[in-house]
Amino acid sequence: RKTFHNSEQQQEANVKREISRVVAGLLFAISSLSLAGCLVNRLHTVQNQFCDFDENFSVSVDGGMSIAFLNPVLLYDDVVFLAGLAPQLENLGGDRYRASYLIRRDDGREGVEIPVIFAFEKQDHELRLTRVSVQSPVLSAFHPAKFPQVIDDACNMNLSFSRARIELPIPYFDRTLIPTREQLIQMAGKPTQLSHDGNELLYQFVLEGANNDELTGSINLLYGDSGDTLLRTRTRFYHYSSGADFEHGTAWAKITL
């Protein structure tokens, strides 16, 4: 009887534990969806701001790329949620803050370390993103004259952030924006892996944040036989994967939570 009684108690404890897990999971899901819902609204707002670009943004290219948000919408927590880890954060005095990540190679090879700098200002008791700067020679190869095309595409894309996979056409993308294979290797360093014909490159990288936290990712690029024209790309990082097929004029992105 004692054994049977203990068995009943154990079963009851297991049931309670499973119920607690389900309740905790539901609470986490609800809170995550709530955060994601607010974030989705803010992302749509930023997308709409692209339709009146000069009133909402300022872009400069000098050793990299810097985008200023003239009417800030995104919050510090949005950046942490999207990136998957918190950046190094410091107060520059008053309501001004500076946050940073570092992108580096994950294969032990020497390569360019790329700092990603975020500027925030405290507005209505919340840190709002006012500028993103990426110091990268790859981005500095982009020509400002091509920005109107990119801006129009960002404004007119019919995106649904609620779908797991997003597909969009890119029929008019000008691939002269993108460095050739040799230019890319010169700027980014020797790839982690290189195909026998030299046309497919794989780079593995690490995103470093605060408290020595880090996440790994990869970028795969396929060039044509001459090495002058980029054909396809595929990127994996955190919960995100994306790719582009420039020959067929399509791009896609997927979020897996």
Side-chain angles (χ1 to χ4, degrees), residues 28-50 53 56-61 63-104 106 113-136 138-139 142 150-151 154-155 157 159-164 166 205-219 235-242 253-257:
F28 176 77
I30 291 171
S31 62
S32 298
L33 288 173
S34 175
L35 173 61
C38 295
L39 172 58
V40 166
N41 291 336
R42 288 192 287 272
L43 288 174
H44 275 301
T45 299
V46 173
Q47 183 187 3
N48 291 334
Q49 287 180 339
F50 272 88
F53 190 86
N56 293 293
F57 304 95
S58 175
V59 179
S60 61
V61 179
M65 184 179 294
S66 179
I67 303 176
F69 297 77
L70 305 181
N71 295 294
V73 174
L74 296 176
L75 308 179
Y76 172 81
D77 288 342
D78 296 338
V79 174
V80 175
F81 184 81
L82 291 169
L85 70 165
Q88 298 283 356
L89 183 66
E90 57 182 317
N91 186 349
L92 301 181
D95 294 332
R96 296 169 55 247
Y97 290 79
R98 180 181 184 271
S100 61
Y101 294 105
L102 181 67
I103 301 174
R104 60 171 175 79
D106 185 38
E113 291 189 339
I114 303 174
V116 183
I117 310 298
F118 296 85
F120 294 90
E121 287 186 10
K122 186 173 286 188
Q123 300 178 6
D124 300 324
H125 307 290
E126 293 183 300
L127 291 183
R128 295 185 180 271
L129 180 63
T130 58
R131 182 180 294 273
V132 179
S133 301
V134 182
Q135 296 300 311
S136 168
V138 176
L139 290 177
F142 283 60
V150 178
I151 293 166
C155 168
M157 279 189 298
L159 297 183
S160 175
F161 293 107
S162 61
R163 295 189 311 199
I166 298 170
F205 64 90
V206 170
L207 181 71
E208 293 183 351
N211 302 319
N212 297 319
D213 288 342
E214 59 182 38
L215 289 170
T216 60
S218 64
I219 301 174
T235 303
R236 295 183 182 277
F237 171 74
Y238 189 40
H239 292 304
Y240 315 108
S241 59
S242 62
K254 185 176 181 179
I255 301 174
T256 55
L257 297 175

Expected output: side-chain D78 to main-chain L75 donor-acceptor under 3.5 Å: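 A pair under 3.5 Å: yes.
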
Can you name the closest pair of heavy atoms from [X] and [Y] and give their distance?
X: P87; Y: Y76; value: CD-OH, 3.6 Å
X: Y101; Y: L207; value: CB-CD1, 3.5 Å
X: A99; Y: F120; value: CB-CE1, 3.7 Å

Rounded distance [0.5 Å steps], [atom1] in [X] versus [atom2] in [Y]:
X: F205; Y: T235; atom1: CZ; atom2: OG1; answer: 7.0 Å
X: R42; Y: L129; atom1: CZ; atom2: CG; answer: 11.5 Å
X: K254; Y: R236; atom1: NZ; atom2: CZ; answer: 9.0 Å

When the side chains of residues 88-97 are checked against the rest of the protein, which donor-acceptor pairs come out under 3.5 Å, sequence neighbours left out?
residue : atom : partner : partner atom : Å
Q88     : NE2  : G209    : O            : 3.3
E90     : OE2  : R98     : NH1          : 3.1
N91     : OD1  : G93     : N            : 2.7

Taking side chain as C-beta onward, heavy atoms only, is [X] less than 4.5 Å from [Y]?
X: L85; Y: N211; value: no
X: V79; Y: L74; value: no
X: S100; Y: I117; value: yes

Sequence neighbours left out, what passes side chain to side chain donor-acceptor pair (under 3.5 Å) with [X]? Give chain and number order.
X: N56; result: N71
X: E121; result: none
X: T130; result: none

Residues in salt bridge (charged side-chain N to carboxylate O under 4.0 Å, His left out) contact with R131, at least two apart in sequence or another chain: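 With sequence neighbours excluded, R131 shows a salt bridge (charged side-chain N to carboxylate O under 4.0 Å, His left out) to no residue whatsoever.
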
Qualifying residue for ring-ring contact (aromatic ring centres under 6.0 Å, His included) with F69, from F53, F118, F57: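 That would be F57.
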
Residues in side chain to side chain contact (heavy atoms under 4.5 Å, CB included) contact with V206, at least two apart in sequence or another chain: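 By the side chain to side chain contact (heavy atoms under 4.5 Å, CB included) rule, V206 matches R104, D106, E208, E214, T216.
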
